[in-house]
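These notes concern the structure reproduced below.
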Amino acid sequence: MIDVHPCRDAAEFGRAVYAIGQYFGGPLSEERIERFLRVIELERMHAAAEDGEVVGGAGAFSYDLSVPGG
């Protein structure tokens, strides 16, 4: 069974991001994880784990939106 949950810490965040982008390079360094955490909040990144190992991830960027008009 696969458990999907918000990332609990920066290490799990890094594994979830790597599960999404492993085709673009190796595991993320601590510096790259910190850079990602500046644009994707920890609680907005989810890890999919099977038997305790992260096998997938999904995240969403936060942003402000302004709508013109009155």
Side-chain angles (χ1 to χ4, degrees):
M1 181 171 173
I2 295 179
D3 170 48
V4 179
H5 58 272
C7 290
R8 297 178 182 113
D9 56 32
E12 187 173 55
F13 179 95
R15 291 191 304 273
V17 171
Y18 178 61
I20 297 168
Q22 63 185 311
Y23 309 104
F24 302 106
L28 300 176
S29 66
E30 287 185 30
E31 177 186 348
R32 290 191 66 201
I33 291 171
E34 290 299 320
R35 283 193 291 170
F36 270 107
L37 280 166
R38 288 186 212 138
V39 295
I40 304 175
E41 295 90 347
L42 186 66
E43 62 274 3
R44 294 186 63 85
M45 187 68 189
H46 285 64
E50 183 174 31
D51 297 327
E53 183 176 339
V54 175
V55 295
F61 293 94
S62 295
Y63 63 93
D64 292 324
L65 176 69
S66 61
V67 179

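Quick caveat, the model's predicted, so the values are computed rather than measured. We're numbering straight along the sequence, starting at 1. Values reported hereafter were calculated over all heavy atoms of this structure, with side chains retained and with hydrogens, waters and symmetry mates removed.
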Do the side chains of [X] and [Y] join up, straight or via other hydrophobic residues, at under 4.5 Å, putting them in one cluster?
{"X": "Val39", "Y": "Val17", "result": "yes"}
{"X": "Phe36", "Y": "Tyr18", "result": "no"}
{"X": "Ile2", "Y": "Ile20", "result": "no"}
{"X": "Leu42", "Y": "Leu28", "result": "yes"}
{"X": "Phe24", "Y": "Ile33", "result": "no"}

Problem - Heavy-atom check, side chain of Phe13 versus side chain of Ile40, under 4.5 Å - result: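 Sidechains of Ile40 and Phe13: in contact.
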Practice task
For a side chain to side chain contact (heavy atoms under 4.5 Å, CB included) with Glu12, tell me which candidate from Met45, His5, His46 qualifies.
Solution key: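 Answer to the side chain to side chain contact (heavy atoms under 4.5 Å, CB included) test with Glu12 among Met45, His5, His46: His5.
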Practice task
Might you point out which heavy atoms bring Ala19 and Gly57 nearest each other, and give the distance in Å?
Solution key: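 In this case the closest contact between Ala19 and Gly57 is CB-N, 4.2 Å.
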Exercise for the section: Rounded to the nearest 0.5 Å, what's the gap from SG on Cys7 to CZ on Arg44? Could you check? Expected result: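 Between atom SG of Cys7 and atom CZ of Arg44 there are 12.5 Å.
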Practice task
Give a yes or no on this: more than 12 heavy atoms of other residues, nucleotides or ligands lie within 6.0 Å of atom CD of Glu30.
Solution key: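 No.
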Problem - Over 12 foreign heavy atoms within 6.0 Å of CG, Asp9 - result: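 Enclosed: over 12 neighbouring heavy atoms sit under 6.0 Å from CG of Asp9.
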Practice task
Could you walk me through whether Glu34 and Glu31 pass side chain to side chain contact (heavy atoms under 4.5 Å, CB included), step by step?
Solution key: CA-CA 5 Å; Glu34 290 299 320; Glu31 177 186 348; 5.8 Å; no
